[in-house]
Amino acid sequence: MIIGVIGGVGAGKSSVLDVLTQEYQFTAYRTDDIAKSFYVHGHPVFEALKALLGADIERADGSVDLPAFAAKIYGAGNAKTRAAVDHIVHPAVWKYVDEQVRAARKSGEDIVVETALPTAHFVELCDEVWFVYTEEAVRIARLMETRGYSEEKARAMIHAQIPDDDYAAMADFVIDNSGSREETEGRIRAVL
């Protein structure tokens, strides 16, 4: 089975993945982690990013300098640069996901793929898509607590992402993660 887990920042997608991997032995793939795995010296994605942004996004050990990288793509006036980065990174991530889905279908392995940026192709790849919904106030509180964000930063990140109605329109199931972890785990078990 291939399950796609979608939702915005702070919604608790990782909690859903924890249940699927720990209780049901799904193998999890997180698109953010996949992208970050490409940011090493010699990887074609990272080499293309250095050509676009400059060699100073690479540390002496060959890893990415995340603060330098982020400074070049986030903030006012960087929308075109961020779009160019997305044009390099996103196709590589989705190619990798496609390969993992094909391999899982051949082997019979159950996998879950988590993303905040689902595409129509991604939705088609999955047997089911689950939208992790969480009330905005809860998301803001979580982001402030777990990531140390200010309320303004958390709110800005949430509002910069896909609206909840759009996520819900792509989903086969909505997992409400606004309450306790136990309630969320119960919902996941009921869906499965």
Side-chain angles (χ1 to χ4, degrees), residues 1-22 24-53 57-59 61-74 78 81-132 139 142-143 146-147 157-158 160-162 166-167 170-172 175 177 188:
M1 177 172 243
I2 313 300
I3 297 177
V5 173
I6 62 174
V9 63
K13 297 182 297 294
S14 293
S15 297
V16 173
L17 266 62
D18 288 347
V19 172
L20 291 173
T21 58
Q22 294 168 13
Y24 296 94
Q25 290 69 54
F26 277 74
T27 299
Y29 296 95
R30 293 170 171 85
T31 55
D32 280 350
D33 291 346
I34 294 166
K36 288 175 186 168
S37 75
F38 298 159
Y39 303 160
V40 292
H41 181 80
H43 193 285
V45 168
F46 195 45
E47 297 307 314
L49 291 173
K50 288 190 299 185
L52 174 69
L53 302 173
I57 65 167
E58 182 177 358
R59 293 189 170 147
D61 67 359
S63 66
V64 65
D65 183 334
L66 283 174
F69 182 49
K72 292 181 183 240
I73 62 171
Y74 295 112
N78 291 339
T81 303
R82 191 168 48 255
V85 167
D86 289 348
H87 186 71
I88 293 167
V89 176
H90 291 183
V93 168
W94 292 119
K95 180 178 182 235
Y96 182 86
V97 169
D98 282 349
E99 291 167 356
Q100 301 315 307
V101 168
R102 276 196 304 277
R105 293 222 185 271
K106 285 181 183 174
S107 69
E109 180 182 20
D110 296 323
I111 67 171
V112 57
V113 181
E114 175 271 319
T115 188
L117 299 170
T119 64
H121 175 70
F122 169 72
V123 171
E124 289 173 12
L125 281 177
C126 300
D127 297 317
E128 294 180 359
V129 176
W130 297 5
F131 164 45
V132 181
R139 291 170 67 186
R142 285 180 185 164
L143 290 168
T146 61
R147 299 189 191 178
M157 289 183 74
I158 289 168
Q161 292 187 318
I162 298 170
D166 291 355
Y167 282 126
M170 293 181 234
D172 299 297
I175 306 291
N177 191 27
I188 294 166

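Keep in mind it's a predicted model, so treat the numbers as computed, not measured.
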Using 0.5 Å steps for rounding, measure from the CG atom of Asp110 to the OG1 atom of Thr21. 12.0 Å
Taking atom CD of Glu58 and atom NE2 of His41, what is their separation to the nearest 0.5 Å? 5.5 Å
What's the verdict on side chain to side chain contact (heavy atoms under 4.5 Å, CB included) for Asp86 and Leu117, showing C-alpha distance, side-chain angles and the deciding distance? CA-CA 11 Å; Asp86 289 348; Leu117 299 170; over 6 Å; no
Look at the rings of Trp94 and Phe122 and say which category their plane angle falls in: under 30° parallel, 30 to 60° tilted, over 60° perpendicular. tilted
Sub-4.5 Å side-chain heavy-atom contact between Leu52 and His87: no
Calculate, to the nearest 0.5 Å, the distance between atoms NE2 and CD1 belonging to His90 and Ile34 respectively. 11.5 Å
Can you name the one residue among Ile6, Val5, Asp166 that meets side-chain contact (heavy atoms from CB on, under 4.5 Å) with Phe131? Ile6
Between Glu47 and Gly42 (side chain of the first, backbone of the second, donor and acceptor by atom type, cut-off under 3.5 Å), is there such a pair? yes
Heavy-atom side-chain contact between Val45 and Val93 under 4.5 Å: no
Between Tyr167 (side chain) and Ala116 (backbone), is there a donor-acceptor pair under 3.5 Å? yes
A side-chain contact here means heavy atoms from C-beta on lying under 4.5 Å apart; do Ile73 and Leu53 qualify? yes
Side chains of Pro118 and Ile162, heavy atoms from C-beta outward: is any pair under 4.5 Å? yes
In terms of heavy-atom contacts, Arg30 and Asp18 come closest through NH2-OD1, 4.2 Å
What I'd like to find out is whether the side chain of Val9 reaches to under 4.5 Å of the side chain of Arg139, using heavy atoms alone. yes
Minimum heavy-atom distance between Gly8 and Lys13, given as atom pair plus value: O-NZ, 3.1 Å
Under 3.5 Å, side chain of Ser107 to main-chain N/O of Ala103, donor-acceptor pair present? yes
Identify the heavy atoms of Tyr39 and Phe69 that sit nearest to each other, and give their distance. CE1-CE2, 3.8 Å
Closest non-hydrogen atom pair between Asn78 and Ala71, with its separation: ND2-O, 3.6 Å
Spatial distance of atom CD (Glu109) from atom OG1 (Thr27) [nearest 0.5 Å]: 3.5 Å
Heavy atoms, side chains only, cut-off 4.5 Å: are Val64 and Phe46 in contact? yes
Are the side chains of Leu49 and Ile57 in contact, using a 4.5 Å heavy-atom criterion? yes
Thr31 (side chain) donor-acceptor with Glu114 (main chain) under 3.5 angstrom: yes
To the nearest 0.5 Å, tell me how far Ile111 CD1 sits from Ile3 CD1. 10.0 Å
Should the pair Arg105-Asp127 be classified as a salt bridge under the 4.0 Å nitrogen-to-oxygen rule? yes
Does the Asn177 side chain pair with the main chain of Ala11, one donor and one acceptor, at a distance under 3.5 Å? yes
Minimum heavy-atom distance Val40-Ser37, with the two atoms named: CG2-O, 4.0 Å
Spacing of CG belonging to Leu17 relative to OH belonging to Tyr29, to within rounding of 0.5 Å: 12.0 Å
Is there side-chain contact between Leu20 and Trp130, with heavy atoms separated by less than 4.5 Å? yes
